[in-house]
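Quick notes on the structure that follows.
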2 protein chains.
Amino acid sequence: MQREGKKVRSFEVAELAQISRSTVSRALAGDPRISKATRERVLAAAAELGYQPNLIARGLKNSTTGIIGVVVTDLNNPYHAHALQLLIEKMGLKHLAPLVFVGNTAEGAEHAIERLMSYQVDAVIALAAPFLEHVIEACLTRSKPLVLMNRYDGSEPVSAVGGDGGAAGRLVADHLVSCRARRFAFFAGEDRTGISWEREQGFSERLKELGHAIDVTISAPYTYRAAVVAAHEMLREEPDAVFCANDTLAIALMDAARSTGGQMPLIVGYDNSTFAQWPIYDLTSVDQNLDEMTTRTVEIAIAIAREPKRAPDRQMIQPSLVVRGSTSRTIK
Amino acid sequence: MQREGKKVRSFEVAELAQISRSTVSRALAGDPRISKATRERVLAAAAELGYQPNLIARGLKNSTTGIIGVVVTDLNNPYHAHALQLLIEKMGLKHLAPLVFVGNTAEGAEHAIERLMSYQVDAVIALAAPFLEHVIEACLTRSKPLVLMNRYDGSEPVSAVGGDGGAAGRLVADHLVSCRARRFAFFAGEDRTGISWEREQGFSERLKELGHAIDVTISAPYTYRAAVVAAHEMLREEPDAVFCANDTLAIALMDAARSTGGQMPLIVGYDNSTFAQWPIYDLTSVDQNLDEMTTRTVEIAIAIAREPKRAPDRQMIQPSLVVRGSTSRTIK
DNA sequence: TTGGGTTGTGCACACGTGTGAATAATGCAA
DNA sequence: TTGCATTATTCACACGTGTGCACAACCCAA
């Protein structure tokens with residue numbers, strides 16, 4: 001094992017194994033033309049010197065770096081943080097490295113994206129970026145593979161993986177009706193046309209099929225503070241059951257209900273975040289199945305990077321409902 | 001602006017400006033030997049073609065990539081997520097790119113670190129990694145610059161930036177005494193010898209100076225569930241004021257106190273996380289000044305990378321106390 | 001010995017960039 | 001014109017790797 005010394009290059013390995021540098025490269029790549037004997041000699045030498053190939057040089061030669069650019073908005077949002085973590089893990093399994101770029105940057109978005117591209121990333125994964133249009137344009141211009149995760153607005157010809165918000169809405173409708181709720185509300189997010197809208201649609205449709213309807217709809221930004229204000233407004237309408245577009249909204253609603261001391265409606269959140277499991281909340285919530293979603297996202301990114309002419313791929317991940325205490329009562 | 005075309009190399013720029021490739025390189029680097037006139041011609045040509053230098057090639061040539069490896073444990077911990085976000089932003093300002101590697105990997109830590117090194121990162125920043133010894137050893141072996149953030153155990157000759165837990169403990173002691181508390185408790189974290197211990201020491205020392213002492217100490221792992229259990233034990237001791245090693249512990253304690261309906265002690269947390277600001281908690285908490293901490297961390301990383309023989313640098317960031325409702329009552 | 005197949009290795013180039021040394025261009029004095 | 005100093009530009013190499021092609025070694029048949 002090398003200590004304190006300079007970088008070990010493939011040349012040193014070749015020297016030690018008394019063989020040419022090309023043979024070292026082929027042996028390590030598993031080229032069948034190399035004989036068993038020499039391959040083992042090479043592997044032994046490489047192990048002895050602690051040789052690790054210089055991936056920058058390899059990237060230059062192969063023009064494929066194994067680096068994936070990941071664009072994310074705000075890591076203070078635990079949902080995004082969790083998604084990023086899973087993404088990085090999945091990428092690790094595929095021997096890819098994430099070059100992460102966070103949206104809230106002082107550097108200026110376009111400038112930062114340029115820099116991302118300069119690193120010759122094999123693909124870009126965008127995870128709910130607010131300046132999404134910049135990312136999309138930058139990738140299309142350079143015809144760089146791009147996968148949107150959980151933020152497909154339908155307009156651009158790019159690959160995307162998302163949760164099936166409509167299906168989730170229907171699941172929730174079924175569940176709440178089975179709890180014998182009668183007066184239903186939807187606590188919408190800021191972006192009434194985006195993901196929040198899909199969820200509302202599925203919820204509304206399924207309720208209609210079951211002979212009910214959404215009686216109240218109120219929307220709020222996705223921040224806790226703003227949500228608390230809207231939550232009080234919501235509570236004045238005295239719904240039996242509220243489907244919230246987000247766990248943050250749901251928690252704000254629970255806190256608001258507690259502080260007023262009135263009757264707490266059945267509450268369902270979305271994202272199944274960490275605090276949904278906390279005993280004080282014990283919140284029934286839609287699980288987006290982030291594990292599968294991230295796996296598919298990485299798979300698609302790899303596929304496009306390998307075969308750039310491939311048509312954009314769009315996948316819907318089926319969500320599931322995690323039932324907890326916040327909907328365990330039945331309305332009498 | 002290029003569209004759909006192949007990559008633009010410096011060669012194309014040279015061709016368009018009717019000049020040699022070397023001159024392009026120097027002009028863009030601001031070499032004073034290049035005349036004003038040609039420099040501007042080059043800049044115009046580069047802008048017209050949308051030229052962005054290939055940082056992989058540059059990295060190979062200069063053997064400095066501008067990539068910093070960032071090792072982090074668990075992004076589900078909002079504190080770590082926030083720290084990572086700030087780190088990435090600061091790095092962006094310095095034109096550095098973060099190659100992120102998350103601890104909870106299925107790939108195996110050592111293997112992942114090897115891969116990180118293979119990308120020729122200029123330095124490594126480790127943010128509370130559980131397999132820290134692997135990271136340290138890997139960096140020392142290759143004499144790769146390493147900065148530990150918020151996790152220095154004192155044993156190894158590496159640079160580190162951390163919060164001054166002792167000073168924080170003293171701040172808290174002053175504050176709680178000024179609230180006229182008499183029976184003090186410390187809610188410790190799992191790692192009694194690490195950062196939790198520093199905080200406890202400062203707290204204890206200052207209390208002694210003021211004629212008091214820590215009457216109760218109970219420790220728990222840093223997870224909400226485990227903390228709730230320990231919190232009930234803590235409450236049976238009926239302390240006036242509790243200093244918690246962590247916001248998670250503090251919140252678990254508040255929830256536990258609420259669920260039993262007994263008297264709520266004064267509570268101080270640590271990290272000033274998002275939920276400390278939530279109205280239901282409104283938690284007084286120590287702010288580690290992560291903004292400054294991350295700035296310094298990046299600065300040190302750059303300094304060491306530039307000058308590898310430099311002695312390890314260790315800095316303490318002074319924390320501050322954010323007073324909120326959880327300590328606004330005064331004990332009568 | 002010659003010829004042809006099979007197998008294993010080495011030479012030399014390319015990826016795109018930065019940079020030291022060499023060279024051309026210009027000015028100025030003799 | 002020549003000689004010398006200064007300035008602007010180009011040449012050619014290096015960074016560490018992968019790979020097409022040529023080539024050596026070997027066996028076997030004629």
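Since this is a predicted model, take the numbers as computed values, not measurements. Just so it is clear: chains get the letters A, B, ... in the order the sequence lines come, proteins before strands, and each one is counted from 1.
Here B/Ile19 lies in heavy-atom contact (under 4.0 Å) with sugar-phosphate atoms only. Note on B/Ser10: only backbone sugar-phosphate atoms sit closer than 4.0 angstrom, heavy atoms only; bases stay farther off.
Between B/Arg142 and B/Glu114 there is a salt bridge, since a side-chain N of the basic residue sits under 4.0 Å from a carboxylate O of the acidic one. The pair A/Asp31-A/Arg39 fails the salt-bridge criterion, with no side-chain N (NZ, NE, NH1 or NH2) lying under 4.0 Å from an Asp/Glu carboxylate O.
In this structure, the side chain of B/Thr294 engages the main chain of B/Asp291 through a donor-acceptor pair within 3.5 Å.
On the nucleic acid side, DNA chain C has its first and last nucleotide under 4.0 Å of a heavy atom of chain A at C/dG8 to C/dG16, going 5' to 3'.
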- Evaluate the side-chain hydrogen bond (donor to acceptor under 3.5 Å, both in side chains) criterion for residues B/Thr64 and B/Asp122: first the C-alpha distance (whole Å), next the side-chain angles of each, then the deciding distance (0.1 Å), finally the verdict. CA-CA 6 Å; B/Thr64 154; B/Asp122 289 344; 3.1 Å; yes
- Can you check side-chain hydrogen bond (donor to acceptor under 3.5 Å, both in side chains) on B/Asp74 and B/Tyr222, steps first, answer last? CA-CA 12 Å; B/Asp74 179 14; B/Tyr222 284 121; over 6 Å; no
- Message: Checking B/Tyr119 against B/Thr65 for the side-chain contact (heavy atoms from CB on, under 4.5 Å) test, could you report, in this order, the C-alpha distance in whole Å, the side-chain angles of both residues, the deciding distance, and whether it holds?
- Response: CA-CA 8 Å; B/Tyr119 278 108; B/Thr65 54; over 6 Å; no
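In this structure, the CG atom of B/Leu60 is 18 Å from the P atom of D/dC13, given to the nearest Å.
What you find for B/Leu75 and A/Gln85 is that their closest heavy atoms are N-OE1, 2.6 Å.
Along DNA chain D, the nucleotide closest to A/Ser22 and the one closest to B/Arg21 are compared, and the more 5′ of them pairs with B/Arg21. Mapping B/Asn62 and A/Ser25 onto DNA chain D by nearest heavy atom places B/Asn62 closer to the 5' end of the strand. When each of B/Arg9 and A/Thr23 is assigned the nucleotide of DNA chain C bearing its nearest heavy atom, the one mapping closer to the 5' terminus is A/Thr23.
Residues from residues 27-46 of chain B that place a heavy atom under 4.0 Å from any atom of DNA chain D, listed by number: B/Arg33, B/Ser35, B/Thr38.
Interatomic distance, B/Ile68 CD1 to B/Lys90 NZ, rounded to the nearest 0.5 Å: 15.0 Å.
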